[in-house]
Amino acid sequence: MSFGRMNTLISIAREVVTKDMEGFATKTDEVIASVFAYREGRHGSQKWVNRAVFSEATDLFQFRVITGLTVSPAHVIVCGEDRFEITSVEDVKGRGMYIEALAKKVTPDG
């Protein structure tokens, strides 16, 4: 992975539920970190064919490890106007330098 390919700005966030005075719950995203990442959409390459058997992911994100933050499926990725639920997180080649997150795009209709 090179810096030239990591040209998409993403935000890693967590959902926070707050209640107002009348007891209505509202979900908002609390941004934890914003980083540049490599984004790859799902297509017909051999790599995606192998993943398709067990994953419902629509996009792959690769980015540098963020010191002091452990990214997990409890987080979401916000990329422009799109929102993604993280389905799996993996350390690329086990070196602790890059993280690969498979994510599913969230659409308003569910």
Subject >> Candidate pair Arg39 and Ile10, rule side chain to side chain contact (heavy atoms under 4.5 Å, CB included), full reasoning >> reply: CA-CA 9 Å; Arg39 178 182 176 189; Ile10 65 168; over 6 Å; no
**OP:** List the steps, then state whether side chain to side chain contact (heavy atoms under 4.5 Å, CB included) holds for Leu60 with Glu100.
**Re:** CA-CA 7 Å; Leu60 168 116; Glu100 178 178 274; 3.4 Å; yes
**OP:** Check the pair Gln62, Tyr98 against side chain to side chain contact (heavy atoms under 4.5 Å, CB included), reporting the backbone distance first and the verdict last.
**Re:** CA-CA 7 Å; Gln62 289 182 340; Tyr98 296 99; 5.7 Å; no
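The two residues Val76 and Glu85 make their nearest non-hydrogen contact at CG1-CA, 4.5 Å.
No side-chain heavy atom of Phe61 sits less than 4.5 Å from a side-chain heavy atom of Ile86.
Phe36 and Met97 are not part of a single hydrophobic cluster, where members link through side-chain heavy atoms under 4.5 Å apart. Cluster membership check: Val35 shares its hydrophobic cluster with Ile77, using side-chain heavy-atom separations under 4.5 Å among Ile, Leu, Val, Met, Phe, Trp and Tyr. The hydrophobic cluster containing Leu102 also contains Tyr38, counting ILVMFWY residues as joined when their side-chain heavy atoms lie under 4.5 angstrom apart, directly or transitively. Under the 4.5 Å side-chain contact rule for hydrophobic residues, Val71 and Phe84 share a cluster. In the hydrophobic clustering of ILVMFWY residues, with side-chain heavy atoms under 4.5 Å counting as a link, Leu9 and Met6 come out apart.
The existence of a salt bridge linking Lys105 and Asp59 is excluded, since no basic side-chain nitrogen approaches an acidic carboxylate oxygen closer than 4.0 Å. Electrostatic pairing of Glu15 and Arg83 counts as a salt bridge here, judged by a charged N lying under 4.0 Å from a carboxylate O.
With rounding to the nearest 0.5 angstrom, the NZ atom of Lys104 is 8.5 Å from the OG1 atom of Thr87.
Here the options are Asp91, Ile66, Val65, the test is side-chain contact (heavy atoms from CB on, under 4.5 Å), and the partner is Ile99; only Val65 passes.
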